[in-house]
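Please read the structure below before turning to the comments.
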Amino acid sequence: MENHAQSSLPSPGFLTNGLGMGGIVFSILALNVSGRLHLGVRGVFILAILFIFVGFTTFYWLSTSLQYLAGIMQRNLATTPRNMTIMNGLWPLILLGPATSLQRWLPLPGSIFTLLILCTTLATVIEETRRIYRMNLLQTVFSLITTVFLALLAAIGIFVWPLIFVLGIGQSI
Amino acid sequence: MRLNRLLNLILIVICLVAAIGNWFVGYSPEKNTAANKSGNTDIALIDIYGTISDAPAPSPWSGASGASSNTLIDALDKARKDKVKAILLRINSPGGSAAAAHAVYHELMRIRKETQIQIIASLGDVAASGGYYIASAAHHIVADPSSLTGSIGVIIRTQNVSNLLGKVGVETGAIKSGALKDLLSPFRATTAKEQQLLQSIVQDSYQQFLEAIAAGRQLPITDIKPLADGRILTGAQAKASKLVDSLGNYRDALNTTATLAKIKGEPKIRNYTRGLSGSLLSRLLPNTKETTTLEDLSSFFANAANHYPLPLTLLE
C-alpha cells in the first residue's frame, strides 16, 4: 500500500507496518471463517487469536528461511532481521472481506474478484521480497518456490523423522 | 502523503466492516432452514444429546458435554415466550440424574398444561431411562424402529473397595455426626439399615418415574409396570408396547409436528439449543460426537461412579 522507495534496509516503521498489516489480514480472515462456520462472539475471538498466533509464527518461520536463501543467493548472508516486513506484501488480502460479501450476492464476480486478489497478493509478495532483498525477479521466484518446497519437506520430516528414529533403534530397547 | 494514509485507513476500515458483516450474516445459525426472527418461529427444536445432568450454563472455557437441565429449561422458556406452535425434542441420550430429567419433564408438562404448544419427541439412537422420562412428556413420540428406548428404572451404585485396600495395608475410618452420614462409603460394606434406606429411596424415585410416564403417556401404571423392570426395547417393540406412538426418522417427526401443530406450508424451525453445550473449543470443532450408542449406555452405568462422585445420586 505504501509507495516504498528503493531504499537499502527497511526502517523500523516498515516492520511495524508489516506486523500491523499481518494483524489486520488475519483478523479479516478470522471474521470471514467465523461467518462461514456460524461462530459466535467467543468463536471469533478464539479464531482471531489462533489465526494471528499461527499466522505470525508460520510467516516468521517461512520468511526467515527465505531470508537465509536470499543471503545465499547474494553471497552475503543478511544479518539484519527484515523478514517480517514482507508482510506488507499481504495487503491485497484485506480485500477478501468485501470479496466474500460480493460472493454472497454475486457469486461469479465475487469469485473472479477473489481470484484477482490472490493473484495480486502473490505479485505483491514477490515484489516486496524482491525489493527488500534486492534480487531480480527470477531469483525471487526461485527463492519463494524453494522456501515453500523446503517447508513442505520439513513438514513431512516432522512425521517421518520419529519413524526413522523409532525404527532405527531396532529392538535394542 | 497524509491523503495517502487517510485513503489507506478508509480502505482498511471498509474491509474490516465488510468482514464483520460476513461474520454477522453467517452468525445467524438457522439461516436457511429456520426463522431468523424469534417471533416468526413455528417449531422450536430442542436437542437433548448425551448424559442429562444439572450442569451449570456453559462458559467460554468449560461446559457440560451432555444435556444440562438448566440450559434445556432456559431454551424451553425462550421457546414459550416466542410463542412457537410446537416443540420438537430431538433425543439421543442414555439418561442421567433423576433430578435433572424430572426438572425437564416437569417444565415440559407445565408447557403442555398451560399452553397450546404441541410437544413431539423424536428418538435417535438411544432414548433410554432419563431420556425416555423426558420424552414421555411429549404429546407424541416418534422413534426409529431400531432406536433403543425404555430402561425405565432407578439405580444407585455401591462399591466396596475395603478388601483391596486391606491388601495394600490402607485403613480408612470416618468420624461422623450420625449413623448414616457416610452412606455409600466405598470403604466398607453397606449395612442392612442403609440398604433398607437406599431401597426406599430407589422405590420412591421409581414410583415418581412410573407416575410421570403414566401422566405423560396417559396410560395406567399397571400397563407400564411390566415393561419398567429396566429392560431396553427397540423402537418397534416400544411401539407395540405403546411406549411410543409412531415409527419414523427425524423427517417423519417433523412432518408429524407440522400436522399436530396445524402448520401450513414449510415450517420455520429454530434450534434453541444450538451451541449451548460443551466447552467453546468443542463447540468450535466440527463433528464433535453427538451420538449415543448401546456401548455408551452400558459404559454410562459402568462409569456412573466417576460421572457422579457425589455421595448419593439417583441415576435414571
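Convention: sequence-line order gives letters A, B, ...; per-chain numbering from 1.
- Residue Tyr60(A) qualifies as open at atom OH: its count of foreign heavy atoms under 6.0 Å is 12 or below.
- Distance check: Ile94(A) CD1 to Ile14(B) CD1 gives 9.5 Å after rounding to the nearest 0.5 Å.
- Closest heavy-atom contact between Ala19(B) and Ile28(A): CB-CG2, 3.8 Å.
- Taking every heavy atom of both residues into account, Trp23(B) and Val44(A) meet most closely at NE1-CG2, 3.1 Å.
- The candidate with the highest count of non-hydrogen atom pairs below 4.5 Å against chain B, out of Leu102(A), Val33(A), Thr100(A), Leu29(A), is Thr100(A).
- Counting non-hydrogen atoms of neighbouring residues, nucleotides and ligands closer than 6.0 angstrom, the CG atom of Leu138(A) reaches no more than 12 such neighbours.
- Heavy atoms only, all atoms of each residue included: Ser101(A) and Ala18(B) are closest at OG-O, 3.6 Å.
- Contact between Asn22(B) and Leu96(A) at its shortest, heavy atoms only, is ND2-O, 4.4 Å.
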